[in-house]
Amino acid sequence: MHWADYTAQRLIERGGEQVSASGITPSGEFHIGHLREILSAEMIHRACLDAGIQSKYIFIVDSMDPLRRVYEFLSPEYKRYIGHPLAFIPAPGPDGKPGDGKQTYAEHFLAPFLKALSEIGVLPEVVMNHETYESGRFAEYIDLAISKREEIRGIVQDISGRELADDWFPYNPMGSDGSLDGVTVTGYENPFVLWVDSHGIEGKSDIRKAEGKMPWRIDWAARWAIHGITCEPAGKDHGAAGGSYDTGIPICRVLGGDPPDKIVYEWIQLKGMGPMSSSTGLTVGPMEALSLVPPEILRYVIARSKINRHIEFDTGSALFRTADEYERLVSSPAQEESGMTKRQLVAAQTQSGAIRMSQVESGSDPRESIGGVSFRHLSMLAQIKSSDEDVWSSLNRSGHIQGEPGKSLVVRLARMRTWIEGPHFPEDAKIEIKMALSDESRDNLDDESKQFLSALSTLLSECEWSDEGINESIANACESSGIPRRKGYSSIYWALIGRSHGPKASSLLFEMDRGGVLSLLRNA
RNA sequence: GGGCCUGUAGCUUAGUCAGGUAGAGCGCCGGGCUUUUAACCCGGUGGCCGGGGGUUCGAAUCCCCUCAGGCCCGCCA
């Protein structure tokens, strides 16, 4: 069974309406690692719906979290906003300087991420956490946490092993300058928390408004209670023993809530680069990933892996393998047959679950996502056909499509071209036409091959220079020189691109300069 | 120091919770395809399940030890 379906089964036992949730701090550019946070929860949500139970999916944006430091992409002017909630500071402009404030910092980074999410079929109910504070929904939990302060302190200290300061308080008020840092609580008179800030200014925060926030471990537990969250997969950082998941569960109960079961997902790493890190610049943005990869393949990368396993996100040749695997499973779906062993049955169920979870539109026919053309075939056409029109006519001739290409196929080709032209496209997938015969090629061409190529060059100098004409010439040259077709094609590839295999030879030749082809063949 | 995850064929991995003769895909090798040759079809090769010990009639699976890789233990989410 697929992990999302398995989790859904457990949630059904729990009963009631299910609420899956994700939470991310919009402190900077979102990256591919955040997609796992989102998709882990969203796929469980979908599995619940598929199982016929009530479920919703919410994305809580930690907009009340303060700016922690001046990141690389920010100008030094942001120093004065350190400690201020991300919802209350201006978005950076292209120069990294604070903008005019029309858009907040949180919105600035959130907007493109939400757009990317919609492209992969994720349409969450978005909750800006600062708005939940503003609405007063946190108030009763803040009050409760303050009155049970010692009990909560005990939980955090016992489970996390961390010593909390004597003046620890489960609510951080915002000071006179709007910063959450350096504000000392001096008293509590419901609904006001009294404080003195780092400038020595005294004031009070209304817990019914966004005038302060609870520390992370308490905030998380409270929001489970507020939103009735039953499922929130968290990154393994939260999942560590004594981490915020372990303290959140009992704290949530203290606050009168029914916490979700602990679910921990592993991280996505970039191939050969270790974990995603904004400080080292080793990130692949979701938008960048989507500019290369078809959305269902991106979903499949997450869906195919068990939730507790690392994923190495590889934008190189592994993408071909992943796409091949996806297409193979779509075209010949895993069948459950009698006589299968238990293991084979489980594997078949898991695979079909992964394909189901990979669809951009839940419940749609996976075959439509491929659009009739394989990822590999498209990569070849995109390289040898400079204009899109030529790609479409080639696909029509080959019978892959009939008439105009579908909308998804047009987008697919655009993504493919971006990938091919960008830095991630694997070298060994590039088609490079040789100017002269390499030594390696020479070694792979025996007399029979050379004879064939010579015969071919003669036929090619006379035939009609079209896909069909070239193809016919190749067939005839094989025939006349008595060479097996496989070897004939292989000879052509050695002569033209220095490899034993390649894309459809006639299409390749047709795109090339006729004189160049003839000279390469004759010199072989 | 404490804890979590991972280690199965050249590569990616399933199977570990509920112990019963190691499965898959890719790659590779061979064959086929009278014209879609990075395609498709058929067949084959390939694993002392990281290592050691224990429990058991029987261990990839449970227990202990060990090696290797990744990660977490900051009012940082």
Side-chain angles (χ1 to χ4, degrees), chain A residues 6 23-27 34 37 62 65-66 68-69 156 159-162 164-165 167-172 180-181 213-220 234-246 264-267 269 274-275 304-312 314 317-318 320-322 324-326 328-329 331 334 340-348 350-351 373-377 379-381 383 394-395 397-400 428-429 431 467-479 484-490 492-493 497 499-508:
Chain A
Y6 176 74
I24 302 176
T25 305
S27 56
H34 290 125
E37 163 83 28
D62 286 305
D65 286 8
R68 278 284 145 225
R69 57 188 175 86
V156 173
I159 296 181
S160 75
R162 185 187 306 163
L164 296 182
D167 62 351
W168 179 83
F169 201 74
Y171 182 82
N172 297 336
L180 292 157
D181 291 345
K213 76 180 288 285
M214 291 202 274
W216 160 245
R217 288 175 189 253
I218 326 298
D219 180 299
W220 203 22
K236 63 172 175 183
D237 44 350
H238 297 293
S244 47
Y245 225 124
D246 288 351
V264 176
Y265 63 86
E266 259 288 354
W267 286 357
Q269 313 204 340
R304 72 190 285 267
S305 300
K306 297 207 301 182
I307 197 161
N308 64 344
R309 295 192 68 118
H310 301 270
I311 292 178
E312 295 247 336
D314 183 344
S317 54
F320 280 113
R321 285 201 298 275
T322 307
D324 283 346
E325 185 177 301
Y326 175 84
R328 189 174 50 250
L329 283 171
S331 59
M340 283 176 120
T341 63
K342 190 180 78 178
R343 287 171 190 169
Q344 288 171 317
L345 277 172
V346 168
T350 305
Q351 287 176 338
V373 186
S374 78
F375 192 70
R376 275 187 193 277
H377 190 61
S379 90
M380 178 266 284
L381 289 179
Q383 289 187 80
S394 165
L395 287 171
R397 270 201 308 278
S398 58
H400 284 90
D428 60 7
I431 297 166
D467 211 318
E468 294 76 14
I470 294 167
N471 221 350
E472 200 175 331
S473 302
I474 297 172
N476 290 339
C478 286
E479 202 100 343
R485 196 154 302 221
R486 177 191 284 263
K487 189 174 177 186
Y489 276 102
S490 159
I492 294 171
Y493 294 123
I497 60 173
R499 297 213 183 105
S500 62
H501 292 283
K504 187 182 173 190
S506 55
S507 305
L508 184 64

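None of the values given here were measured: they were computed from a predicted structure.
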S.K.: Specify the residue among A:I497 and A:E468 whose closest nucleotide of RNA chain B lies further upstream toward the 5′ end.
M.R.: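 Counting from the 5' end, the first nearest nucleotide belongs to A:E468.
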S.K.: Using atom NZ of A:K487 as one end and atom P of B:U37 as the other, report the distance to the nearest whole Å.
M.R.: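 Taking atom P of B:U37 as the reference, NZ of A:K487 is at 19 Å.
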S.K.: Among B:U12, B:U37, B:G15, which nucleotide sits nearest the side chain of A:K306?
M.R.: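 So the side chain of A:K306 is nearest to B:G15.
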S.K.: Which nucleotide, if any, forms a Watson-Crick or G-U wobble pair with B:G1, using both distances under 3.5 Å?
M.R.: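 Paired with B:G1, as far as the under-3.5 Å criterion goes, is B:C73.
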S.K.: Please report the distance separating the C1' of B:U45 from the corresponding atom of B:C63, rounded so that it comes out in whole Å.
M.R.: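 About 38 Å, rounded to a whole number of Å.
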S.K.: Any side-chain N or O of A:N476 less than 4.0 Å from the OP1 or OP2 oxygen of B:U35?
M.R.: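 For A:N476, the contact criterion (side-chain N or O under 4.0 Å from OP1 or OP2 of B:U35) is not met.
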S.K.: Round to the nearest Å and state the distance from A:E479 atom CD to B:U34 atom P.
M.R.: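 Those two atoms, CD and P, are 10 Å apart.
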S.K.: Is there a Watson-Crick or G-U wobble partner for B:A18 with both distances under 3.5 Å, and which nucleotide is it?
M.R.: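 No nucleotide pairs with B:A18.
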S.K.: So which nucleotide from B:U35, B:C11, B:C75 ends up closest to the side chain of A:W168?
M.R.: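 The answer is B:C75, which lies nearest to the side chain.
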S.K.: Counting only side-chain heavy atoms from C-beta out, which of B:U35, B:C75, B:G31 sits nearest to A:R486?
M.R.: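 Comparing B:U35, B:C75, B:G31 against the side chain of A:R486, the answer is B:G31.
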S.K.: Rounded to whole Å, please give me the gap between CD in A:E325 and P in B:U12.
M.R.: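 For the pair A:E325 CD and B:U12 P, the rounded distance is 13 Å.
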S.K.: Roughly how far apart, to the nearest Å, are B:U16 and B:C75 at atom P?
M.R.: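 Per the computed distance, 39 Å lies between those P atoms.
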S.K.: Which nucleotide sits closest to the side chain of A:R68: B:C76, B:C26, B:U35?
M.R.: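 So the nucleotide nearest the side chain must be B:C76.
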S.K.: Grab the CZ-P distance between A:R376 and B:G27 for me, whole Å please.
M.R.: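 Answer to the nearest Å: 7 Å.
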S.K.: Check the pair A:H377 / A:L395 against side chain to side chain contact (heavy atoms under 4.5 Å, CB included), numbers first and verdict last.
M.R.: CA-CA 10 Å; A:H377 190 61; A:L395 287 171; 3.8 Å; yes
S.K.: In whole angstrom, give me the gap between the C1' atoms of B:C57 and B:G15.
M.R.: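 So the two C1' atoms sit 23 Å from each other.
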S.K.: Give the ring-plane orientation class for A:H238 versus A:W216, where under 30° counts as parallel, over 60° as perpendicular and anything between as tilted.
M.R.: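 Correct class here is tilted.
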S.K.: Does B:U56 have a Watson-Crick or wobble partner in any strand here, with both distances under 3.5 angstrom, and which is it?
M.R.: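 In the structure as shown, B:U56 has no Watson-Crick or wobble partner.
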S.K.: B:U37, B:U35, B:C5: which one has an atom nearest the side-chain heavy atoms of A:N471?
M.R.: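 Nearest listed nucleotide: B:U35.
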S.K.: Expressed as a whole number of Å, how far does the P atom of B:G58 sit from that of B:C73?
M.R.: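 To the nearest whole Å, 44 Å.
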S.K.: Go through the steps for A:S500 and A:Y493 under the test side chain to side chain contact (heavy atoms under 4.5 Å, CB included), then give the verdict.
M.R.: CA-CA 6 Å; A:S500 62; A:Y493 294 123; over 6 Å; no
S.K.: Among the candidates B:A77, B:C71, B:G70, find the nucleotide nearest to the side-chain atoms of A:W267.
M.R.: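 Nearest to the side-chain atoms of A:W267, counting from C-beta on, is B:C71.
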S.K.: Kindly point out which of B:A77, B:C26, B:G70 is positioned nearest to the side chain of A:R321?
M.R.: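 Minimum distance to the A:R321 side chain belongs to B:C26.
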S.K.: Using a 4.0 Å heavy-atom cut-off, does A:D324 contact any base of the nucleic acid, only the sugar-phosphate backbone, or nothing at all?
M.R.: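 If one applies the 4.0 Å heavy-atom cut-off, A:D324 turns out to touch nothing in the nucleic acid.
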S.K.: Is A:K236 paired with A:E266 through a side-chain N to carboxylate O contact shorter than 4.0 Å?
M.R.: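 Salt bridge flag = yes for A:K236 with A:E266.
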S.K.: Tell me: CD1 of A:I311 to P of B:G69, nearest whole Å?
M.R.: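 Whole-Å distance recorded here is 23 Å.
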S.K.: I'd like to know if the side chain of A:Q383 reaches the main chain of A:A429, judged simply by a donor and an acceptor atom lying under 3.5 Å from each other, with no hydrogens or angles considered.
M.R.: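 Indeed, once roles are kept as given, a pair shorter than 3.5 Å links the two residues.
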S.K.: May I ask you to decide if A:P215's main-chain N or O and A:Y171's side chain share a donor-acceptor pair within less than 3.5 Å?
M.R.: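 No: the side chain of A:Y171 does not pair with the backbone of A:P215.
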S.K.: If you only use heavy atoms from C-beta on, which nucleotide in B:U37, B:G25, B:A77 is closest to the side chain of A:R328?
M.R.: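 The closest nucleotide is B:G25.
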S.K.: Expressed as a whole number of angstroms, how long is the span from A:R485:CZ to B:U36:C1'?
M.R.: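 Rounding to the nearest Å, CZ of A:R485 and C1' of B:U36 are 13 Å apart.
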S.K.: If you only use heavy atoms from C-beta on, which nucleotide in B:G70, B:U35, B:U36 is closest to the side chain of A:K504?
M.R.: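 My answer, after comparing the listed nucleotides, is B:U36.
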S.K.: Could you state the CG-P distance from A:L329 to B:A14, rounded to the nearest angstrom?
M.R.: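 Whole-Å distance recorded here is 14 Å.
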S.K.: Does A:R309 place a side-chain N or O at less than 4.0 Å from the phosphate oxygens OP1/OP2 of B:A14?
M.R.: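 So the side chain of A:R309 is within the cut-off, an N or O lying under 4.0 Å from OP1 or OP2 of B:A14.
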S.K.: Could you tell me the Watson-Crick or G-U partner of B:C28, where both distances fall under 3.5 Å? Say none if there is no partner.
M.R.: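 When the pairing criteria are applied, B:G44 turns out to be the nucleotide that pairs with B:C28.
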S.K.: In this structure, are over 12 heavy atoms from other groups packed under 6.0 Å from A:F320 atom CZ?
M.R.: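 Atom CZ in A:F320 is packed in, count exceeds 12.
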S.K.: Atom NE2 of A:H501 to atom C1' of B:C26: distance rounded to whole Å?
M.R.: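 Going from NE2 in A:H501 over to C1' in B:C26 covers 15 Å.
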S.K.: Taking for each residue the nucleotide of RNA chain B with the nearest heavy atom, is it A:I24 or A:P503 whose nucleotide lies nearer the 5' end?
M.R.: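 The 5'-side residue here is A:P503.
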S.K.: Which nucleotide in the set B:G70, B:A77, B:C5 lies at the smallest distance from any side-chain heavy atom of A:K236?
M.R.: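 So the side chain of A:K236 is nearest to B:G70.
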S.K.: Under 4.0 Å between any heavy atoms, over every strand shown, what does A:F320 touch: base, sugar-phosphate, or nothing? Just pick one.
M.R.: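 Counting heavy atoms under 4.0 Å across all strands, no contact is made by A:F320.
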